[in-house]
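Everything numeric here is computed off the predicted structure, so don't read it as measured data.
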Amino acid sequence: MNPSITQKERIISLDIIRGIALFGILLINVGAFKTLTDDVVIPDYNGINEIVAILTDILVEKKFFSIFSFLFGVGFYIFASRAESRGDRPRWCFARRLLALLLIGIIHFLFFWGSILAVYAVIGFLLIPFYRAKVSTISKWIGGIITVYILSQLLGIFAPDMGVFSNVIAFLGNDSITIFIMFLSGFLAAKADWIRKISDLTTEIRWLQIVTLPLFISFSIWIWFASQGNDPHIQEIIALGTIPTTYLYLSSLFVILENKRIAKLLQPIARVGQMAFTNYWAQSFIGLAIISIMDLEVVSPINIVIISIIIFAIQIIYSVIWFKFFKMGPLEKVWRFMTYGRNGASIRK
């Protein structure tokens, strides 16, 4: 990808998808904002709450942090290639950026135990060796890791008791592997210049959707019945459907956002995505305040949806207002300073 990126619409598309991903992450994280004490009993949800919970498992769980991870991989290539075009050492610059993210992530973890930032920073270091790799090499790595990931999930479901190997299988199938797969996928898409060629990749995208749509439907049905039957392997089933569903979501969103009218209509969401770092941080604090005001002891699935919509609406409003006066979000500016020091001010965004 050209480090100077002149196609503004493409940048807007990435920001819109990032904003949408932040809303999906909210739908998962809101329930974790409230720390439960030992004396609090979580009720068995039924009716509309049960349906919302199952639909969240089908449509949202693990999918939107995977989209966010894909965009992180895209961002790595954009950041590193721009650094190289300025004559900087791209991998060293990215390493400094990751160290800054790690520190900020640790601080956030002190306030919200579910923060993913520190994990992103650690896993992000694994991207650095791929910067000079060929597109074909990266593709093979992604294919190999996905194969191992799928096998580990299947073994977790159908052969859960494998003694000492159970821990190895659990590690190979955990969310960190999903994050790395999507990091590499986003990096590959940016390095191969696919992000700027959506309209030229109609055939390839259609085939991707032909493959992933039936998988999405199949896993959706499986998750629905597994949830109804309280299947102990529900998390492994959700994990199996995550990668094809994420690819389906991403390909569909990129195609939809080729329509400039739709992209323009979603510009306020792009503003949320443009300062995603700040908004991710802010979500936990806004959510805690709302839960406190509502005096909720337990956050039900319906409450999660309502609170998520309120938080996201607040973030749309203040993000739009913020960019009328500033060029980047406050935490983005801090992250930039931690990466470059005072010299960051002279580096064009």
Side-chain angles (χ1 to χ4, degrees), residues 1-2 4-28 55-56 58-60 63-75 77-78 182 185-186 188-190 192-213 216-217 220 242 244-280 283 305 308-324 327-329 332 349:
M1 179 178 288
N2 188 332
S4 61
I5 303 180
T6 57
Q7 289 191 349
K8 189 177 180 181
E9 292 80 11
R10 188 60 50 231
I11 297 173
I12 290 174
S13 297
L14 292 172
D15 285 335
I16 291 171
I17 296 172
R18 193 176 289 110
I20 293 170
L22 278 173
F23 179 68
I25 290 170
L26 258 179
L27 291 169
I28 301 302
L55 288 176
T56 300
I58 292 172
L59 302 173
V60 182
K63 283 78 174 179
F64 284 86
F65 84 73
S66 295
I67 292 175
F68 208 68
S69 301
F70 176 91
L71 296 171
F72 185 94
V74 172
Y77 185 78
I78 292 173
M182 298 316 300
S185 297
L188 173 64
D193 208 16
W194 294 336
I195 302 295
R196 292 196 299 134
K197 297 178 179 178
I198 299 299
S199 59
D200 298 329
L201 298 171
T202 304
T203 302
E204 290 83 354
I205 291 174
R206 186 179 295 117
W207 273 109
L208 177 62
Q209 292 173 329
I210 288 172
V211 172
T212 55
L213 180 58
F216 165 70
I217 294 171
S220 297
T242 294
T245 301
T246 303
Y247 286 154
L248 176 64
Y249 283 0
L250 282 166
S251 59
S252 300
L253 284 169
F254 276 118
V255 170
I256 290 169
L257 292 173
E258 282 294 292
N259 185 311
K260 293 185 179 181
R261 289 185 179 180
I262 295 176
K264 186 176 181 179
L265 182 67
L266 297 178
Q267 178 66 35
I269 294 177
R271 291 304 192 188
V272 176
Q274 197 172 337
M275 51 190 286
F277 194 17
T278 297
N279 281 320
Y280 179 78
Q283 285 179 349
V305 173
S308 296
I309 292 172
I310 293 171
I311 294 173
F312 200 65
I314 292 171
Q315 293 194 311
I316 288 175
I317 293 168
Y318 75 64
S319 296
V320 169
I321 294 173
W322 181 271
F323 282 106
K324 289 184 180 297
K327 293 183 178 180
M328 68 175 67
E332 282 75 11
K349 187 179 176 183

In the structure I gave you, are the side-chain heavy atoms of F216 and T246 within less than 4.5 Å of one another anywhere?
no

When every non-hydrogen atom of N279 is compared with those of S319, the smallest separation belongs to ND2-OG, 3.2 Å

In this structure, CD1 of I256 is separated from CD1 of I198 (nearest 0.5 Å) by 12.0 Å

CD1 (I269) and CD1 (I17) are apart, to the nearest 0.5 Å, by 11.5 Å

Looking at L59, is its backbone amide N or carbonyl O close enough to the side chain of Y249 to form a donor-acceptor pair, meaning the two atoms are under 3.5 Å apart?
yes

dist T56:OG1 -> I28:CD1 (nearest 0.5 Å) comes out at 6.0 Å

When rounded to the nearest 0.5 Å, the distance separating CG of L248 from CD1 of I217 is 9.0 Å

Nearest heavy-atom approach of E332 to Q274 is OE2-O, 4.3 Å

When every non-hydrogen atom of G329 is compared with those of T278, the smallest separation belongs to C-OG1, 3.9 Å

Practice task
Would you please test W322 and R271 for side-chain contact (heavy atoms from CB on, under 4.5 Å) and show each step?
Solution key: CA-CA 9 Å; W322 181 271; R271 291 304 192 188; over 6 Å; no

Donor-acceptor pairs under 3.5 Å, side chain of residues 205-213 to any protein atom, not counting sequence neighbours: which ones?
{"residue": "Q209", "atom": "NE2", "partner": "S252", "partner atom": "OG", "Å": "3.2"}
{"residue": "T212", "atom": "OG1", "partner": "L208", "partner atom": "O", "Å": "2.8"}

- Query: Quick one: does L26's side chain get under 4.5 Å of F64's, heavy atoms only?
  - Reply: no

Side chain to side chain, F65 and M182, heavy atoms closer than 4.5 Å:
no

Taken to the nearest 0.5 Å, the spacing of L22 CG from S308 OG works out to 11.5 Å

With a 4.5 Å cut-off on side-chain heavy atoms, are L266 and L257 touching? yes

Paired with P268, the side-chain contact (heavy atoms from CB on, under 4.5 Å) test is passed by just one of I316, I16, I317, namely I316

Sequence neighbours excluded, the answer for salt bridge (Lys or Arg N to Asp or Glu O under 4.0 Å) partners of R18 is D15

Given 3.5 Å as the limit, does a donor-acceptor pair link the side chain of K264 with the main chain of N259, or not? no

Here the gap from F254 atom CZ to W194 atom CH2, rounded to the nearest 0.5 Å, amounts to 12.0 Å

- Task: Could you tell me whether the side chain of Q283 and the main chain of I25 form a donor-acceptor pair under 3.5 Å?
- Result: no

- Start with the C-alpha distance between I311 and F23, add both sets of side-chain angles, then the distance that settles side-chain contact (heavy atoms from CB on, under 4.5 Å), and finish with yes or no. CA-CA 9 Å; I311 294 173; F23 179 68; over 6 Å; no

Should Y318 and V272 be marked as a side-chain contact (heavy atoms from CB on, under 4.5 Å) after you check the CA-CA gap, both sets of side-chain angles, and the distance that decides it? CA-CA 9 Å; Y318 75 64; V272 176; over 6 Å; no

